[in-house]
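The structure under discussion appears below in the form of structure tokens.
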Amino acid sequence: MSLLAELEVTAKETRRRPTAVPVRRTGAQLLWEALVREGVTVVFGYPGGAIMPAYDAMPAYPIEHVLVRHEQGAAHMADGYARASGKVGVAIATSGPGATNLVTGIATAMLDSSPMVCITGQVSSTVLGTDAFQEVDTTGITLPITKHNYLVTRAADIPAVLREAFHVARSGRPGPVLVDITKDAQQATVDAPEPREPRQSRAPAARAGEAELDRAAALIDAAERPLIFAGHGIIKSEGTALLIEFAERTGIPVSQTLLGLGGFPATHPLSLGMMGMHGEAWVNNAIQGADLLVALGMRFDDRVTGKLDTYARGAKKIHAEIDASEIGKNVPVDVGLLGDVRETLQALMPRVKRRGRPAWLKHLAGLRGDTSVRDIVTLPHGEKLHAAHVIHDLWRLTRGEARVVTDVGQHQMWEAQYYKHDHPRKLITSGGLGTMGFALPAAIGAAKAFPDEQIWVVVGDGGFQMTACELATCAQEGVKINVAVINNGYLGMVRQWQELFYGGRYVATPLKSPDFVKLAEAHGLTGLRVERRDQVEAAFARAVADPGTVVIDFRVEQEDSVYPIVAPNADLRDMIRRPSPLVETSDDQ
Amino acid sequence: MINDASGATPRTFIVHVEDHPGVLNRVVSLFRRRACNIDSLAVGKSEQPGVSRITLVVRADPGAAARLVLHLYKIVDVLQVADVTAAKAVIRELVFVKVSAAMRGDLLQLCNVFRARVVDLCPASVTVEATGAQDKMDGLIEALRPFGILELVRTGAVAMTRGSQPASASALSVSASAEIDPPAYDHSSIQDEV
């Protein structure tokens, strides 16, 4: 009888009989049983000495294992899986270097509130703290970059710890949890205990009070120049449909944070686009002229606000947020609405008046005016290839329906500007930590959540090389993703800052890369090269038709910059704009 | 904001936490990463089995202090946090000061003023014990300085609110349902909210 069948029979017997008959299990078996119980179907990992007992027990359980090429990739894959599906992603690594290699991926998940559970092997409890082979203080190292972590030294503790780890990862403001299990705890055989229910947060109740909701509604009804900000919390709380209803009811236009893109449809008439450092010029100007900001599930990051002293001075602020410590952290607020953003919207909806704001919308439409003539997307066909062309065409050809996973840098901002996301969870990007090398592994994770979906990686030539080893994972696991390398031969965003803020001294930013087409081919994958705009469409078609992962090397204009840009800690209005219209415009929409 | 010295005054927090390895580290790390210096820290058992009580004094302005409370609550092992700076509370610390033994008469007079006791007396030195509010202890130490302080130790403040209601009453009632030899995470049996 298989282990699982045996477990089921035992569980039934347990229910029937007043006293439970204990089942003998190793710690490793308890680990996999706990993961099955949590609904885990796929884990991303890399074996090694201290986690070998767990790996040895794995084949008996209905969980798929994706063998990565570097543990950072495992963490990003679990993160990408979580962001795409809303479920908890799981990464597994061994002790020592296995655990330290996870660190960047864990911190990435922490900064973007991504639910993830990392399992690491640890040296046996008898040698803990002796600098044994491949021993590091994993819980110490990961303490500030996890929501919580555990060191487990007894097999019998595994079920309850895993139960609580998953609860902590997905409850409240989600985040990564690490469980460090000593080798002897994996090996020991014990009577399988029933997992106890997890502890609950002791923080004060996370629900907005009636008085605050009434005050917020009064401010909204009275505002003449209001804006709604859709942050990551809208997506995490599955609040998109309610937000659309709320915006339409109140007639308030919506701007998105980077991680909020897709939380409100970009093509909705009330959608303004992204705010902040590389946000749309009209949005930043609108913020500085607004009389009310309704911020939903965001944290007023410095990339969003620019200089705090001059940020939206004329606006009252309503801040709905699940994490109490975020309310008023960076920007003083008039009304704080603590709690799940969707629930807050639900409570707010019947309290606000239905009204339109035609004068305000007309003013905003006017602000958009000068941007279109500065837009590189309006360049004619056949000329030099700009990254914006690639992204714009990708949006056009996928009809905005693809799931796009981006890396960090210029291409990330262009993606945010030119790919119009109409659906939540369809943009996956490292916002808070800004982790280069995130895109390829995160896309593999997303592909494991949605294997039949069209998934595109948009990545720079720099970030691609940080985790390009995961192409081998694509090849081995048969993962189908499409990789658009925006190759400009520079670490582009840093080069742009050198151009604008460091006197044009390009120190350590020119980048000599391998031939990405041959690199793909070396992995048994398809590689394509695109150098002109009229080749873009055909390359996309070929990539989508290919059953395996395809890498397209887009040789784009080398010294293009992302505009507008608000210099760090500058007033939001103080944007550096694209110097002038590049050429006569020609609309190819 | 938190490490901004301007407007920052000593604030006293009482923090109840689960009593197992690593919890103090989590609490202290929260201040460390914000470059916030801890003036004093006292940890010990509370009236509840399995629950430790921390009294923590840091310099922070009221806004930052309120935020620190919210951050502390994000630690899974933290059960209850109270900022008792403005509350009716008894806040005391214990001090030992070893001074050189010259001018004993003056020293004993001074001890009377500060209600300090001599706990060790030998030919070359005198050890004085005193209990009181932290600023009183600062005063004692300054007064003792001319005698030649050889050694000094302070426990850090411990605090208790006045009145019959314990600071911990409501928050701790559901915890501490620990069975024999509870593992680190083992606690309450409230329903999962997920």
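Worth saying up front: this structure is predicted, and the values here are computed from it rather than measured. Naming: A, B, ... by sequence-line order, numbering from 1 per chain.
Residue contact with chain B, scored on non-hydrogen atoms closer than 4.5 Å, involves the side chain of D323(A) exclusively. Looking at V76(B), the atoms closer than 4.5 Å to chain A (heavy atoms on both sides) sit in the backbone and in the side chain alike.
R26(B) contributes no side-chain N or O that, together with a main-chain N or O of P144(A), makes up a donor-acceptor pair within less than 3.5 Å.
Taking 4.5 Å as the limit, every side-chain heavy atom of I75(B) sits out of range of all side-chain heavy atoms of H148(A). Using a 4.5 Å cut-off on side-chain heavy atoms (C-beta onward), K74(B) and K147(A) make no contact.
At most 12 heavy atoms of other shown residues, nucleotides or ligands fall within 6.0 angstrom of atom CE in M160(B). Annotation for E151(B): atom CD does not count as buried by contact number, only 12 or fewer foreign heavy atoms lying within 6.0 Å. Under a cut-off of 6.0 angstrom, the local environment of CZ in R33(B) is sparse, with at most 12 non-hydrogen atoms contributed by other residues, nucleotides or ligands.
The OG atom of S325(A) sits 7.0 Å away from atom CZ of R67(B), with the distance rounded to the nearest 0.5 Å.
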